[in-house]
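First the proteins, then the strands, lettered A, B, ... as listed; each starts at 1. Small disclaimer: the values here were computed from a predicted structure and weren't measured.
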There are 2 protein chains.
Amino acid sequence: MREFQRGAVRVHILHHAAEHEIHGAWMAKELESHGYKISPGTLYPTLHRLEADGLLISEPRVVYGRVRRVYRATDAGRAALAEDRKALLELAQEVLGHGDDR
Amino acid sequence: MREFQRGAVRVHILHHAAEHEIHGAWMAKELESHGYKISPGTLYPTLHRLEADGLLISEPRVVYGRVRRVYRATDAGRAALAEDRKALLELAQEVLGHGDDR
DNA sequence: GCTGCCGATATCGACATCCGATACTATCCG
DNA sequence: CGGATAGTATCGGATGTCGATATCGGCAGC
């Protein structure tokens with residue numbers, strides 16, 4: 001149900017990472033507040049993959065003594081985000097545009 | 001890349017199945033025309049799953065001598081579609097709302 | 001300092017899903 | 001009758017997802 005979520009998570013991550021630094025736990029909270037349940041076993045590998053794909057870069061940062069791995073979108077990440085946005089817009093127009101839902 | 005697609009395919013299927021009968025090959029063409037590449041190995045199991053989940057019903061139909069399995073959305077399917085639309089709208093507002101797309 | 005705890009990140013095994021290729025079925029056409 | 005065609009189903013490998021659990025580094029209390 002709502003496998004929708006998978007793509008949405010990716011877009012959300014890129015979206016936020018393009019605006020400011022993010023870290024895993026914060027992202028999990030953010031996603032949850034939007035109704036997306038994502039387990040750590042999915043979130044972290046996803047971040048790693050995005051980084052491996054060159055869409056994010058990470059660096060350990062110490063915040064109040066805690067070490068966090070903070071992520072930021074790369075140029076490629078922003079490009080991918082733009083593409084995803086385009087696809088999302090298209091999908092929205094196609095599916096929502098009709099206004100006929102029955 | 002663009003795993004976005006998985007959810008989109010589901011929504012597309014429900015969307016069309018809610019309006020008229022569809023069958024696998026037609027759906028494949030329709031999706032392709034929107035830029036989604038989906039292989040039969042994904043499409044047919046997906047249709048089967050949607051049916052198993054009670055969102056679609058199918059029945060074999062003979063068209064010009066060819067047997068097709070035609071699908072139609074059930075009530076639950078329409079409900080699921082409505083939910084997916086809501087999620088899609090939310091996602092679109094969240095991600096597209098900023099107006100910054102580089 | 002050592003120990004136990006805490007936020008945060010990483011990893012593990014099991015399971016589901018995706019995919020391309022291929023097989024299968026029934027009909028049409030020459 | 002035999003090959004071509006449309007459409008659907010299935011197979012095996014690869015990848016992704018999940019929840020649970022392990023790890024890590026610093027801090028507080030002792």
_Short side-chain N/O contact from A:R6 to OP1 or OP2 of C:dT17, under 4.0 Å_ = no
*Atom CD of A:E59 to atom C1' of C:dT9: distance rounded to whole Å?*
16 Å
_Non-hydrogen side-chain atoms of A:R10 and A:D84 separated by less than 4.5 Å_ = yes
_Can you see whether B:H15 engages B:R85 through a side-chain donor-acceptor pair at a distance of less than 3.5 angstrom?_
yes
*Find the distance A:Y44:OH to D:dG19:P and express it as a whole number of Å.*
15 Å
*Expressed in angstrom and rounded to an integer, what is the separation of A:R49 atom CZ from D:dC18 atom C1'?*
13 Å
*asked:* In this structure, how many angstroms lie between the P atom of C:dA10 and the NE2 atom of A:H23, rounded?
replied: 12 Å
*Considering just the side-chain nitrogens and oxygens of A:T42, establish if one lies under 4.0 Å of OP1 or OP2 belonging to D:dC18.*
yes
*Integer-rounded Å distance: D:dT10 P and B:H48 NE2*: 7 Å
*Specify the separation, in whole Å, of atom OH of B:Y71 and atom P of D:dT8.*
8 Å
*Does any donor atom in the side chain of B:H16 or B:E30 lie under 3.5 Å from an acceptor atom in the other side chain?*
yes
*Have a look at A:G24 and say if it touches a base, only the backbone sugar-phosphate, or nothing, with a 4.0 Å heavy-atom cut-off.*
sugar-phosphate
*Which word best sums up how the rings of A:H12 and A:H34 line up, parallel for under 30°, tilted for 30 to 60°, or perpendicular for over 60°?*
tilted
*DNA chain D: 5'-proximal contact among A:V62 and A:L43 (nearest heavy atom)*: A:L43
*Measure from OH on B:Y36 to P on C:dC18 and round the result to the nearest Å.*
15 Å
*Nearest-angstrom distance from the residue atom CZ of A:R68 to P of C:dA10*: 14 Å
